[in-house]
2 protein chains.
Amino acid sequence: MTHELLDAAVGQATARPVVPAAGVRRGAGAGEVRLDGGFWGDLQGANARASLRHCLTWMERLGWLANFDRVAEGATGAERPGWQFSDSEVYKLMEALAWEYGRTGDADADGLLEELTARVARAQDADGYLNTCFGHAGQRPRYSDLESGHELYCTGHLLQAAVAVHRTGAPGGLVPIARRAADEVCRTFGAGAREGICGHPEIEVGLAELGRALDEPRYLEQARLFVERRGRGLLAPIALLSPAYFQDDVPVREADAWRGHAVRALYLTAAAVDVAVDTGDAELLAAVERQWERSVGRRTYITGGMGSRHQDEGFGEDWELPPDRAYCETCAGVASVMVSWRLYLATGDVRYADLVERTFYNVVATSPRSDGRAFFYANPLQQRVAGTDVLEDAENARAEGGVRAPWFDVSCCPTNVARTLATWHTYAAAVEGDTVSLLQYAAGEVDVELPGGDRVVLRVTTGYPVDGDVAVEVVSAPDRPLTLRLRVPHWASGAVLDTADGTSAVEPGWADVPDVVAGRRVTLRLPVEPRFTWPDPRIDAVRGCVAVERGPVVLCLESTDLPAGVGLDDVRLDAGVEPVTDGDGARVRVRATPAVESPFPYGGRPAVATAGDAHDVRMVPYHQWAEREPSTMRVFVPTLPAS
Amino acid sequence: MTHELLDAAVGQATARPVVPAAGVRRGAGAGEVRLDGGFWGDLQGANARASLRHCLTWMERLGWLANFDRVAEGATGAERPGWQFSDSEVYKLMEALAWEYGRTGDADADGLLEELTARVARAQDADGYLNTCFGHAGQRPRYSDLESGHELYCTGHLLQAAVAVHRTGAPGGLVPIARRAADEVCRTFGAGAREGICGHPEIEVGLAELGRALDEPRYLEQARLFVERRGRGLLAPIALLSPAYFQDDVPVREADAWRGHAVRALYLTAAAVDVAVDTGDAELLAAVERQWERSVGRRTYITGGMGSRHQDEGFGEDWELPPDRAYCETCAGVASVMVSWRLYLATGDVRYADLVERTFYNVVATSPRSDGRAFFYANPLQQRVAGTDVLEDAENARAEGGVRAPWFDVSCCPTNVARTLATWHTYAAAVEGDTVSLLQYAAGEVDVELPGGDRVVLRVTTGYPVDGDVAVEVVSAPDRPLTLRLRVPHWASGAVLDTADGTSAVEPGWADVPDVVAGRRVTLRLPVEPRFTWPDPRIDAVRGCVAVERGPVVLCLESTDLPAGVGLDDVRLDAGVEPVTDGDGARVRVRATPAVESPFPYGGRPAVATAGDAHDVRMVPYHQWAEREPSTMRVFVPTLPAS
């Protein structure tokens, strides 16, 4: 192996989604962490075995792939299958395939990627423009509907796919295609050219990351322009939606909170971090941190889910967090991880890694059915009426049902889950000088390169999150003192660390183990026993309720687990009885008293339901809900009045 | 005056919106009740003085009236101002003008109605079809989009306007126009012709009532066909909305609850009652009563408001009643009155009149600003962020803001309020054999004709709803024993009746005073002092909260009435201190303890806010909210934990 090839191999092992041009820490590479099954290993396995092919099959069947062929063959017209943004699903699948190649070198992924790349390549116009919905015979002109057209949005996903291909060395040749597309965008929308932005942010993160990958500063500059142009009313309002819907109401650096369509808001914010970091724009970074603090503190669900409103798939006002109408789009969970991950890399603040964990377990992991062939689009925290069967052979309405669906009319979530699961392990560890940080806990091997080129190999043994003990053994390390940094989640009061020096209490935050050398073994013991979690009293919609969490996992009460004849609406949780561990869930004490029927539901003070029969019932991980059968479900359970 | 003309005058005095072909009771005529100012008299005055002209001015300005001229002049094209349903606003204004004529003989209304009728008449096609959006040069063909086109919906409002003209004798000649339009509908959609229905019900009530007014059974039969066809999947789903959106999921006689778009559901239901009554269809009537019971018992706000969801302006599931995102469209309030009024006429059940009162005071009266020149479209029960200024010179988005707006992009509510206020007094009294019922209380004179032709004149003296005493004096009556029936509202526990025989307790329901003769005087004393009202414990969104009502009026707490430095989110009501009367509102005891800020709003049990400063604050009638300034507001206020 020549030196050049060796370098390439090392580069591919460290391939990862986000590589800021500045900063002292980096995430693990796709080839630097190997999971031994476990929670995330199983999800990655189902993703690789089932979800990738599943997405491909649906997109072929619905004609979203053939759209590229029709452009190549000059056979376009006014009629075209799929929404205007369907190209992006193809690109997100290609990105997932590339990351899967980076994770495993999977040969099947390999063949698919080459085939898809060839079909996409044939649809690219001579000047680099690449879109199957605009700009060809019978179609509307290019960039004639920036508000709704999603052309730049689609291109952004193309660029992200190309970044994955470039960094992992996946085959197919997507990078030059993406480069030509990016160049066309820069020519059309660069400084002095058209002062436009896309109704749906995404081009910005795509350009920033492709610029990093290819060392092309023009792309970062174009991303910066798009970010800075936003919030100045460049987009015409769509029907009854306000400019806040696409964040065109307030410039990014002036906003106090996320608002409007959640995925749009979060993709834009991720790009703002990229721009801030790479250009050294401390003011912009501070603005994003301020927005994170307000929005996570007042506009985020206990699951990490974001988006309180169905109407615009958007954020609500502060404290507007209804559990039953929670939208919590799966894609917003993916986007929230993108934002918090970037903020962690930029600042090293543990709270960003905390939110990444919460969102992974309770939003991203909730979407796919365990077989990887059906998904939740919305992730409400309460289901009032058990779902009915979904359409197995047709597209389902996006947010309805209470049952995971194979495919959606707007089907952004399955491919977003796929590309995210394929990279989960790259968020599990980070390197900062001679410090190796473990951010997410899973059994497996971490084999990372330090800045100087030395390697550290760690073996992690754990049954997390069901079991709270995380044992870390230093298998090999350079012959100098290193630091092992362990994340103690914000909920982990009472955590302890066992080292050769004995047992010591560790507070939530970072637990640094200094002077780590090969052969050293430490065990972090996190209290994952179930606990009650109360909402801020200003969250009106769950007043008088409590949730139960078990480690990082939010639990829920499903009708499936209630005794016969007991309805979920009639259950009151006895918060005087602590929850106890029951497998990966918990057992809690409830009382069930059917409410008295009344012809009008407002009147005198209702009888207090303290006298009902007591039952000890099981609460299960929220991410498993509706896996056994369609059910009614609650994350927040009303409590008995304090006695 | 000839006998024929005398008959006509009598007929005009008894003019009223709903005249079932069968049944033992009837509502008061527009000329049979005269209000002496007071709550509803003032609203009727502002409506007559300001709102009618206001609506006309906006519709002229926006070109909705000129659309009729363009059809008449053959000047139509693809571009047309207004939504596809803007014709209906013109018809609702005409209906309001006709009822206003019936109420007062107002000469100004008279002139307007003739002018509008002439412009509408010129737009009617030779075969009776009348619509400015379809069927002419440059427009889509007639009935080519039954799902969204609203053609039959508009025609329904034309027919309702014609009913008002016919019964009140208002000038302009609208009746033959409506008859030709109705005939065209019957030819096109009758038995054996096209089996279609309109995406938005309304043609059904229009046809049924015009059939009653003109004694034309074909129109009732067509209404029956439209009602029966619904719920069988005749309409193609619109985008992401389910068939339940336009009640095409389940046949009317099989449904258990109202669902989907609230106004659509309620207009359809009103027509179902009309059909059931006139055809003697007891099964259909029972189905509607069952739906009322479930939907009022589980899907209705304390205000009487209906529609829990912004997304589809629709009903939610049972117990899904969020105060902040309550839609409670003003038009749904109007439609709810239409339904309950018909059910009262059909059954005599007092609960229907109770809901009419609740909805009048707390939805219909809430919409118009006191000057009659601005309106609420949605009527939420909680405002989290004070509204900002509305557009005075342009159309406002429909449901946003927290401030009444002069006009809306979709502006169905102002004209619906106008036509309803103009008829308020016709819902105040009813006649059933020799029984005269007072259903709504207001100072004024009731002069009604009994079935045999004799007249009864009552003088009502009251400051209701601020004062609970309602004195009724029989001014004149035929020389035989009559019954005076007084409604004791469902909230009026402890009501008493003073008669010549002394004072007696009366229970909620009907209080019958027998053997009433001229000169008799009775006083009903209703307990309108403020009271706490608790929600059913299954309404998750207001758990741990209480509302305050004062007689039929729901009160609210506005930020305007809080001491400086006290935020509405931080207030807890002390339910141990009974509310006391304060003008037309109430004074309650609250404690204010700012919540502790937290970086993530879920964690340990928050401190209980019992220790904050006590304040006695005023709660004002909900229908007055945001009249003084943009405010934050709550109907349901969180309570202190029971001590």
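A quick note: this is a predicted structure, and the numbers were derived from the prediction, not measured. Order of the sequence lines fixes the chain letters, A, B, ..., with proteins taken first and strands second; residue numbering starts at 1 for each chain. Values below: every heavy atom of this structure, side chains too, minus hydrogens, waters and symmetry copies.
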Okay, A:V385 and chain B: the region with an atom under 4.5 Å from a heavy atom over there is side chain
Holding to side chain to side chain donor-acceptor pair (under 3.5 Å), I want the full list of residues that pass it with A:D354, two or more places apart in sequence or in another chain.
A:R487
Find out whether A:V554 and B:Y602 are in side-chain contact, i.e. whether some heavy atom of one side chain is under 4.5 Å from a heavy atom of the other.
no
Heavy-atom proximity to chain B below 4.5 Å, by part of A:D312
neither
Picking from B:P638, B:G316, B:P322, which has the most non-hydrogen pairs under 4.5 angstrom with chain A?
B:P638
Between A:R325 and B:R325, is a side-chain contact (heavy atoms from CB on, under 4.5 Å) present by the stated rule, with each step listed?
CA-CA 10 Å; A:R325 295 295 285 170; B:R325 296 294 284 168; over 6 Å; no
Test side-chain contact (heavy atoms from CB on, under 4.5 Å) on B:H310 and A:R309 and set out the steps.
CA-CA 9 Å; B:H310 278 240; A:R309 297 181 177 179; over 6 Å; no
Select one option (side chain, backbone, both, neither) describing which atoms of B:R543 are under 4.5 Å from chain A's heavy atoms.
both
Let me know if A:W491 has heavy atoms under 4.5 Å from chain B in its side chain, its backbone, both or neither.
neither
Checking heavy atoms, do the side chain of A:L321, its backbone, both or neither come under 4.5 Å from chain B?
side chain
Would you say the side chain of A:P601 lies within less than 4.5 Å of the side chain of B:I539, judging by non-hydrogen atoms?
yes
Residue from B:F636, B:W292, B:Y301 scoring the most non-hydrogen pairs under 4.5 Å with chain A is B:Y301
Below 4.5 Å from any heavy atom of chain B, which atoms of A:Q382 appear? Answer side chain, backbone, both or neither.
side chain
Trace of the side-chain contact (heavy atoms from CB on, under 4.5 Å) decision for A:D324 with B:E317:
CA-CA 10 Å; A:D324 50 349; B:E317 302 285 358; over 6 Å; no
Relative to chain A, which of B:V542, B:D569, B:I302 shows the most heavy atom pairs under 4.5 Å?
B:I302
Please classify the contact of A:R358 with chain B as side chain, backbone, both or neither, using a heavy-atom distance under 4.5 Å.
side chain
Excluding sequence neighbours, so at least two apart, what forms side chain to side chain donor-acceptor pair (under 3.5 Å) with A:R550?
none
Proximal component of B:R299, with respect to chain A [non-hydrogen, under 4.5 Å]:
neither
